[in-house]
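Some notes on the structure that comes next.
Counting starts at 1 for both ligands and their atoms, in listed order. Hydrogens, waters and symmetry mates are skipped; everything else that's a heavy atom, side chains included, is used.
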Amino acid sequence: MAVGSNSGTDTGTGTGAGTGTDAEGDPGIPGLAGVPLLGSLFDLRSDSLGTYLRARRQHGDTVRITAGPPGMRAELYCVFSPEGAQQVLASDAARFRKDNHFYQEVRDSFGNGLLTSQDEDYLRQRRLVQPLFTRRRVDGYADAIAAETRSVVDSWGGAPDGVVDVSDEMTHLALRAVTRILFGTDGDAAADVMAKCVPVITEYVLRRGYSPANIPRHWPTPGNRRAAAAMDKLYGVCDEIIAERRGGAAPSTGGAVDEAAAGGTGAGETAGEAAVEDLLTLLAAARSSDDGEFDASELRDQVLIFLLAGHETTATSLCFALHLLALHPEQQDRARAEVSRVLGDRTPGAADLERFPYLTQVLKEAMRLYPPAPVIGRKSVAATRIGEYTIPAGADVIVAPWVTHRDPAYWPDPDRFDPERFTPEAEAARPRYAWFPFGGGPRACIGQHFSMLESVIALAMMLRAYEFEAVDTGIPVSAGVTLRTTGPARCRIRRPDGWRA
Ligand code: HEM
């Protein structure tokens, strides 16, 4: 995640056009033409994703974009090839750190949790958290996900004119699912506060992340005060739940799992059928002799990061999967036929994930066209050769699923929705990083399996209950902290022929 950057200090007076001239950098790196003095500042502000696509089209796989007035100028090095993305995220990951301005803003608002931390802090956190995300452990959340999906689908019976905005609905569903997983049944009360506060804070992070200069957070401006109030509320509700949890019994997620079969390593394991513990209970109980345990404020940081990373991302992926199917009735019928064949009338569970190859292809294709993390930012700590160019030390660097996922060399007719691109044979024929919505390397998404489980279960249940026809044929998007829709994504829904409750 973490888009954009604004921490450059170039003092040049050029337009940013032509070739780069950074003394430490490679003079050959092509630069995107911008306007005199401000470079591409306005283009990035008004349409950063379009600007990156144009940069790739005009200049190829490595492009330098400048933005901002002299003295406050940011320089952004864009790396678009799959091989380059692999180097930045995986093989040379130690040279590309989360020290960029954007990640600092996320850290200042959402804390030093698994997404934002680095070095020893990060390694300790990952060792403590990783066992909570084993496949079997995550599979235990399937029942809770199905219950949340059912309540959303049931509410559609009263949709005015039979129209639902799947963008709003999926945001609601994903928030409910992640709060249920994090807090168990306590999440119900917290979800409203989250729904109100998280967007205010992400908006604030975004505005500061893109701005060439920011006033200090503690100055009492209206923007600072609004964000501080939202943070207070959000932190407050998390702290309350954490304090209650540490002082007493924990509610379950409402799901059930055979813990012995699940082979979990966390606290509170019992043999046989047992309620599934929520993530907060497991985080609070996570400990090892070397790493100790999380204290209350560290627990809050983890919880906030999971809320941020696990909410809008899955919502976006589900929203676009539904929207694209609503635009493509043939693929929708095929997906629904798979659901009927696999499920009949029963509720989907974790074991069904492998039984939905076509639904999985649909989700992957939706994430190709609309990657929830469209751009991933880093700061380089050493000059690094990528392809034919050298990225200088101290540079703001981005890799961009949004652009690489549309590279015609790997994706013929890239704007066409075609789940066939993700058959096992087609996937095997492409470089690993031609598609990387979950990032990669040591900082790859820890929630990938959880997200796929949630998406497949939810999509299966929604497709079985309703047919979707797109009312809005195009949905405008912009790069927020994650990809977000900037208009409605309405679908007309109706019960499929032969539907049974
Ligand atoms: C479609 C859904 C999702 C997408 C596309 C997605 C994407 C990503 C990406 C691209 C990264 C890497 C960021 C970077 O390298 O700077 C990441 C990291 C992370 N994601 Fe996700 N994510 C999704 C769902 C989730 C969910 C559901 C959770 C939690 C339940 C989650 C938790 C995290 C965490 C904690 C990290 C940091 C991991 C680390 O650095 O060790 N994500 N995600």
Side-chain angles (χ1 to χ4, degrees), residues 1-5 85-86 88-90 93 96-100 102-103 106-107 110-119 121-130 132-133 137-138 141 144-145 170 173-183 253 278-280 282-283 301-321 360 363-364 366-379 397-402 404-405 433 435-456 458-459 479 481-483:
M1 266 153 265
V3 296
S5 142
Q86 179 155 20
V88 171
L89 296 179
F96 296 96
R97 292 169 53 83
K98 295 190 175 187
D99 289 336
N100 58 348
F102 206 91
Y103 261 120
V106 176
R107 211 171 277 127
F110 287 93
N112 192 38
L114 198 60
L115 179 71
T116 44
S117 60
Q118 301 198 92
D119 306 318
D121 274 353
Y122 170 73
L123 292 172
R124 171 175 168 265
Q125 291 178 19
R126 184 98 190 188
R127 285 191 297 266
L128 287 168
V129 174
Q130 186 76 54
L132 317 186
F133 276 84
R137 173 75 69 187
V138 170
Y141 296 132
I145 293 168
M170 295 307 99
L173 171 59
L175 180 62
R176 299 274 319 182
V178 80
T179 46
R180 172 69 82 91
I181 296 322
L182 273 170
F183 300 132
T253 61
D278 61 58
L279 198 53
L280 176 57
L282 296 173
L283 285 168
D301 284 355
Q302 296 305 334
V303 161
L304 288 172
I305 287 296
F306 280 114
L307 273 176
L308 175 72
H311 162 208
E312 284 181 1
T313 45
T314 308
T316 301
S317 143
L318 272 170
C319 163
F320 281 102
T360 306
L363 283 162
K364 286 182 171 178
M367 282 191 277
R368 178 185 73 83
L369 283 166
Y370 297 98
V375 173
I376 301 171
R378 293 289 191 268
K379 179 85 112 183
V397 178
I398 58 153
V399 295
W402 182 264
T404 310
H405 288 186
Y433 281 75
W435 184 81
F436 60 110
F438 294 102
R443 304 301 302 255
C445 179
I446 201 172
Q448 177 167 354
H449 177 59
F450 175 75
S451 163
M452 287 308 285
L453 180 73
E454 177 179 348
S455 301
V456 167
L459 201 53
V481 172
T482 57
L483 188 74

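Contacts of Ala444 with ligand 1, taken as heavy-atom pairs under 4.0 Å, involve the backbone alone. Of the heavy atoms in Tyr103, only side-chain atoms (C-beta onward) come closer than 4.0 Å to ligand 1. With a 4.0 Å cut-off on non-hydrogen atoms, Arg126 touches ligand 1 through its side chain and not its backbone. Contact annotation: for Lys98 versus ligand 1, heavy atoms closer than 4.0 Å belong to the side chain alone. With a 4.0 Å cut-off on non-hydrogen atoms, Phe450 touches ligand 1 through its side chain and not its backbone. The parts of Leu115 lying near ligand 1 are both backbone and side chain, judged by heavy-atom distances below 4.0 Å. At a 4.0 Å heavy-atom cut-off, ligand 1 touches Pro372 through the side chain alone.
Heavy-atom proximity to Ile376, at under 4.0 Å, picks out these atoms of ligand 1: 10 (C), 14 (C), 15 (O), 16 (O). Atom numbering of ligand 1 starts at 1 in the shown order; those under 4.0 Å from a heavy atom of Ile446 are 34 (C), 35 (C). Ligand-side atoms of ligand 1 in range of Ala373: 10 (C), range being under 4.0 angstrom from any heavy atom. Annotation for ligand 1: atoms under 4.0 Å from non-hydrogen atoms of Gly439 are 10 (C). In the vicinity of Ser451, heavy-atom distances shorter than 4.0 Å reach the ligand 1 atoms 1 (C), 2 (C), 24 (C). Below 4.0 Å from some heavy atom of Pro437 lie the following atoms of ligand 1, by number and element: 5 (C), 7 (C), 10 (C).
Checking side-chain atoms of Thr179 against main-chain N and O of Arg176 turns up a donor-acceptor pair under 3.5 Å. For the pair Arg137 (side chain) and Leu132 (backbone), a donor-acceptor distance under 3.5 Å is absent. For Glu454 (side chain) and Ile145 (main-chain N/O), no donor-acceptor pair under 3.5 Å exists by modelled atom type. Put simply, the side chain of Gln302 never gets that close to the backbone of Gln125: no donor and acceptor are under 3.5 Å apart. Side-chain atoms of Ser451 do not come within 3.5 Å of backbone N or O of Gly447 as any donor-acceptor pair. A side-chain donor-acceptor contact under 3.5 Å links Thr316 to the backbone of Leu483. A donor-acceptor pair is defined here as one N or O able to donate and one able to accept, closer than 3.5 Å; no such pair exists between the side chain of Thr116 and the backbone of Tyr103.
Using a 30° and 60° split on the angle between ring planes, Phe450 and Tyr141 fall in the perpendicular class, above 60°.
Using a 4.0 Å heavy-atom cutoff, Gln448 is absent from the residues neighbouring ligand 1. For Tyr122, the closest heavy-atom approach to ligand 1 falls below 4.0 Å.
Looking only at side-chain heavy atoms (C-beta outward), Asp99 and Gln118 come within less than 4.5 Å of each other.
When the heavy-atom distances from atom 19 (C) of ligand 1 to Cys445, Ala366, Ala174 are ranked, the shortest goes to Cys445.
Geometrically, ligand 1 and Thr314 share no nitrogen or oxygen pair separated by less than 3.5 Å.
Scanning both residues, Ile446 and Arg126, for their nearest heavy atoms gives CG1-NH2, 3.9 Å.
Qualifying ring pair (Phe, Tyr, Trp, His ring centres under 6.0 Å) partners for Tyr433, counting only residues two or more places apart in sequence or in other chains: Phe436.
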